[in-house]
Every structure is written in C-alpha cells, then in structure tokens.
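A short write-up of the structure that comes next.
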Amino acid sequence: MAPTGAAGLPPVLTERASMLAAGVRTLALQSDLPGMAAVAAETTAEVGQAARGRCYFVDAEDGLLWTADGDEFPANHGLAGAAVSSGRVRLAPRARQCPLVRRELDDPDGSGTERLLALPITSANGETHAVVVIARSAAMPAFSPAEIEVLSLWADQIAPLFHMLHVEGQAEQLQRDAGMAGRRGIYREEALEGLAQGEPNFGVLLEPMPWWLRHAYLLVVLVFVTGGLFFALVDAREYASGPAFIVSTRGRDISAARAGVVDSVLVAPGQAVVRGQLLVTFAADPERAEMTRARAELDRTLLARLRTPSERTHELAVAQAQATWRRAEAQVEHANLRAPAAGHIGDVRIETGRALEAGQVVMTLADDDHPRPLVRALVPGRYRPALEVGQALTLALDGFPTAPQRLTVTSVSEQVVGTREIHRIVGPEIADALPAQGPMIIVEAELPADTIEADGRTWTLHEGMVGRADIAVRHQSVAHLLFPQLERILGDA
C-alpha cells in the first residue's frame, strides 16, 4: 500500500497543498484574461514540477483554442485539443513520438524530447473553459498517477473561477448588445459612429438586395418575355413526310404481257428507239415449234395445189394451213416486247435468263417531250385532304443531306393505295428498298435538271435513287401547339 500523509492524503498532495492554496488565491485576485492565463500556467507547471506551461482558452462556438496574446488554433488539434475533446488528462511520454502532439500548439519552445501533459479545466456542468499544457524535461521521470490526481484536483479547484469569468463575459456582452441596440435603434452602428466622429462621408445607402440578385431578377423577366414572344409569334409546321424515289421521266413503264423466261435484251439504257422496235425476246419453244410445224404444213399444201390446180380440196387445205401458220406466228410475236412509242430507254430491270411474271415491269421508256426526271413520294394517306398541286416539296436524297431540293408538287393521286398497289406502281426493285408502309398517297414533283450540286461537285441523278420528301401541310403558333384549347377559346371570343 502506498504511504499516505496527514488525514490519509497522498504524500504528493500533502507536499504541494500549499502550492495549490496559494495558486487558487492568486488566481481569484486576477481581473483580466492575461493574468488568469499566466497564473494558471505557472501554478500548473509548479505543481507538476514542469519546466513551463501554456494556458489556452476554449471558444466552443467558434471551435478555437486561443491565448491572451492573440494566438488561435483549431480546438481539435494537438494534445490540448485531445484533452478538450475527451474532457480528461492526456499524456505524451515523448513529444515527437506522440502522433497527437502539434509542436507549435503544445510546446513551441521544446525540442521534442519533453514529456507533455494536457490538463482540461472543466466546470461542474461539463463545459471546458480552458486547457493547460505543461512540459517536463526528459531527464525527469514520467508523470505518476499520484501527480495526475493532484493536477486533476487543482483543475477542479480553479474550474469555478474560469466558469465565473466566462459567465461575466457573457453578461457583459449581453449588456453591450442591449445598450447598443437601444442607442442605435433602426440605424447601423457604423453610421452612428461615423456621425459621432464628424466624418463627412457616411458611405452608401443600405441596399435592399445584392447586385447579383437584382440582375438575376432582370434576367428572369427577360427570359419570360422572350419565351412569351417565341410562343406567340413563332410558327410550328406540320409535314407530310415519307420515302421518295426518282423515276426517269413522265414516260411509261413497259411490262411483260405474259409469264416467261427472257431470251435476249436488245436495247440498253439511254438508247433511242422507234415505235414498234423489238426490245425483248422471250424463250417460247412450244410456240416456235408450233409455228415451224404450221409452216411446214403450209408449204406441203401449196406444193400439192401447184401439182393439181383443178382440185378444190387443195385450195381449201391451203387456206386452213395459212390460218394455222398465222396464229402460231402471232403467238410467238406476242411473247416478245416492242416499243409502244418513240423515245429513249430509261431503266432496264431485267437480264437474259430471268423468269418474269405477267405484268412485271421490265424497263421504262422516256418520252422525248418530257425529258426531265420526276420524283415520286409516298406520304401517309391521312394527309390527302391537305395535299394539293402547287405545294412546296423538299427532297433530301440519301447521300446528299446537305443539298436539299426545293420542288413544287405537280400531281397528287386521288385514291389512297395499299402496299400491293404500291409494289405494282414502283416495281419490286424499288419497293424492296422502301420501309414498310400503310395506306399511302402518291405525290409527284418535277426536278429542274437531271443533275444535283453538292459538296462543290455536280452529280448526275439516276432512276431509282431514294430519299425523303417533306411537304408542309399546315402551320400554327407554338402556343396553339402546346395549348390546343387556345384555338377554341379565341374562336369563341
């Protein structure tokens, strides 16, 4: 058991009791913060047998540790901050070896080998008003539990004095605030002080709002006004849009009259033809064989008649053979295609050996009276009431998005056609390249030339080129578009 002094107290406390009593009396006589800080630091160092000490006041509202000399540090820094945060004594056996120590805060005059102790001064309500850090030489022993107990007792004795000083400071501040408020009324303290000192310049008037808020308000008003004008004055257009493709001219499509296999193609694109010129022949082996047999029969009957001219039966046989031969020749001729009119061959869509169906388009014949190419557009059938000749059509060909063509509608189909009819009109080659469509209207427009200017070059247009057509069918203001009820309200008004 450790030895005890008088009245069972630790010997350390007995030896240093006079120091504690003298320190409390001296501290109670101080009337200012520097005096209290100096007495607290010196007495704590003397009781703890340390070389020096520093006293920091705690500002809990601002989170600062500050000295009477004006030094300020964050309240959570250093060994002193750790003592304030925990509310108990914190030790550092070697200053430079303790991660909590901040030399500029805890012991700015030390070398880093000292033993440090941070003593928080906490009132009975748990509020820490100050913290004292003392530094003991490394040659001396570490702080013992008995010494820590004595220092804690010292902190408990002086804590009420620091608490009273804190309360007095709060009371004085409240009095100053109350007195200043009653003295200045509705006026600023700076203005009253300037008036009392006789300064001629009283500064600027108190602004009700900062400059940036005033400009922001003007900006918001400008945005609303501009938006209102945009909604009221700017038109939004509705377009009848759909795929479009180029056809050679206003000429005609030449279709196969019957199903068969192409035997030969006798013309090429761009070639001039005359009416009745043979264009395509079809493989017609049965018909040709029948025609050959009928010709042989005709030759036989003619020879028989020449041998016996008086025989009436030979004359009748010759007539029958001639009729049979002409029918077979007509069947062979019907399998071929001839030019229905003079013109130029446009697009040839077949090749030798290809099997065709009856009615399938095999080529186009350009009418010399209308050499300029046409554009055929397929737009949704619901726009038929809004479409008419003379409307503007904008064509954007695939591959030339930066060179739109401004055209005029020259023809609008009367009927809404379905997918099967569209395939028959445009042909299977072009129809396969078009997206799936529902009921459509066919619109035509004439191109000004068979070339197009794009990317600084002149490009030749070819039949079958596809793109997109847009026809403006109606327009209305953005306000009417966003609020359809406006039209009814304005109409009633």
Side-chain angles (χ1 to χ4, degrees), residues 10-28 30 33-58 64-69 71-123 128-159 161-162 165:
V12 175
L13 179 57
T14 304
E15 295 172 359
R16 303 175 190 176
S18 58
M19 297 182 189
L20 299 181
V24 172
R25 288 193 299 267
T26 304
L27 191 62
Q30 304 302 314
L33 294 178
M36 291 192 67
V39 173
E42 293 174 1
T43 306
T44 305
E46 186 178 1
V47 173
Q49 293 185 346
R52 53 189 171 273
R54 291 175 63 86
C55 179
Y56 292 96
F57 294 98
V58 179
L64 294 175
L65 298 178
W66 57 280
T67 66
D69 298 332
D71 298 331
E72 291 184 354
F73 299 93
N76 58 352
H77 276 38
L79 194 67
V84 173
S85 302
S86 61
R88 59 188 178 86
V89 175
R90 300 305 296 263
L91 299 173
R94 288 290 186 272
R96 68 162 58 99
Q97 297 177 0
C98 180
L100 296 176
V101 173
R102 298 292 183 269
R103 181 176 178 180
E104 68 279 4
L105 168 64
D106 297 315
D107 189 21
D109 299 328
S111 62
T113 61
E114 292 80 5
R115 306 179 189 276
L116 302 182
L117 180 146
L119 178 67
I121 302 174
T122 306
S123 61
T128 301
H129 300 294
V131 59
V132 179
V133 182
I134 59 176
R136 175 183 286 184
S137 173
M140 297 184 64
F143 294 99
S144 65
E147 290 177 320
I148 295 175
E149 183 179 356
V150 171
L151 290 172
S152 299
L153 179 60
W154 158 249
D156 293 340
Q157 297 299 317
I158 64 175
L161 300 177
F162 280 88
L165 182 64

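Owing to the predicted nature of the structure, the values given are computational and were not obtained by experimental measurement. Nothing fancy with the numbering, it's 1 onward along the sequence. What's counted below: heavy atoms across the whole structure, side chains too, no hydrogens, waters or symmetry copies.
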| field | Selection residues 84-105 - residue pairs positive for salt bridge (charged side-chain N to carboxylate O under 4.0 Å, His left out), sequence neighbours left out | value |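 Pairs touching residues 84-105 that pass the test: none.
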
Does some side-chain heavy atom of [Y] sit less than 4.5 Å from a side-chain heavy atom of [X]?
X	Y	result
I134	V47	no
F162	L27	yes
T67	R54	yes
D107	V133	no
V39	Q30	yes
V58	W66	no
T26	V24	no

Sequence neighbours left out, cut at 3.5 Å: what donor-acceptor pairs do the side chains of residues 72-81 make with other protein atoms?
none

Considering non-hydrogen atoms only, spot the tightest contact between [X] and [Y] and give its length.
X	Y	result
G48	F143	O-CE2, 3.6 Å
A41	C55	CB-N, 4.1 Å
D106	P108	C-CD, 3.9 Å
A159	I121	CA-CG2, 3.6 Å
L100	A82	CD1-CB, 4.0 Å

| request: Apply the test side chain to side chain contact (heavy atoms under 4.5 Å, CB included) to residues L165 and L33: give CA-CA distance (whole Å), side-chain angles for both, the deciding distance (0.1 Å), then the verdict. | output: CA-CA 8 Å; L165 182 64; L33 294 178; 3.0 Å; yes

| request: Start with the C-alpha gap between L151 and V89, add the side-chain angles, then the distance that decides, and say whether side chain to side chain contact (heavy atoms under 4.5 Å, CB included) holds. | output: CA-CA 9 Å; L151 290 172; V89 175; 5.9 Å; no

| query | Given V150 and L20, is the side chain to side chain contact (heavy atoms under 4.5 Å, CB included) satisfied, shown in steps? | reply | CA-CA 9 Å; V150 171; L20 299 181; 4.2 Å; yes

Show the atom names and distances, to 0.1 Å, of all donor-acceptor pairs under 3.5 Å that link a side chain in residues 110-120 to residues at least two apart or in another chain.
residue : atom : partner : partner atom : Å
S111    : OG   : T113    : OG1          : 3.2
S111    : OG   : E114    : OE2          : 3.2
E114    : OE1  : S111    : N            : 3.2
E114    : OE1  : G112    : N            : 3.0
E114    : OE2  : R52     : NH2          : 3.3
E114    : OE2  : S111    : N            : 3.1
R115    : NE   : M140    : O            : 2.8
R115    : NH2  : A138    : O            : 3.4
R115    : NH2  : M140    : O            : 3.4

| Between S137 (side chain) and A139 (backbone), is there a donor-acceptor pair under 3.5 Å? | yes

| said: Nearest 0.5 Å, please: how far is OG in S123 from CG in L161? | reply: 12.0 Å

| Check: T43/W154 side-chain N/O donor and acceptor closer than 3.5 Å |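 No, no side-chain donor-acceptor contact under 3.5 Å.
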
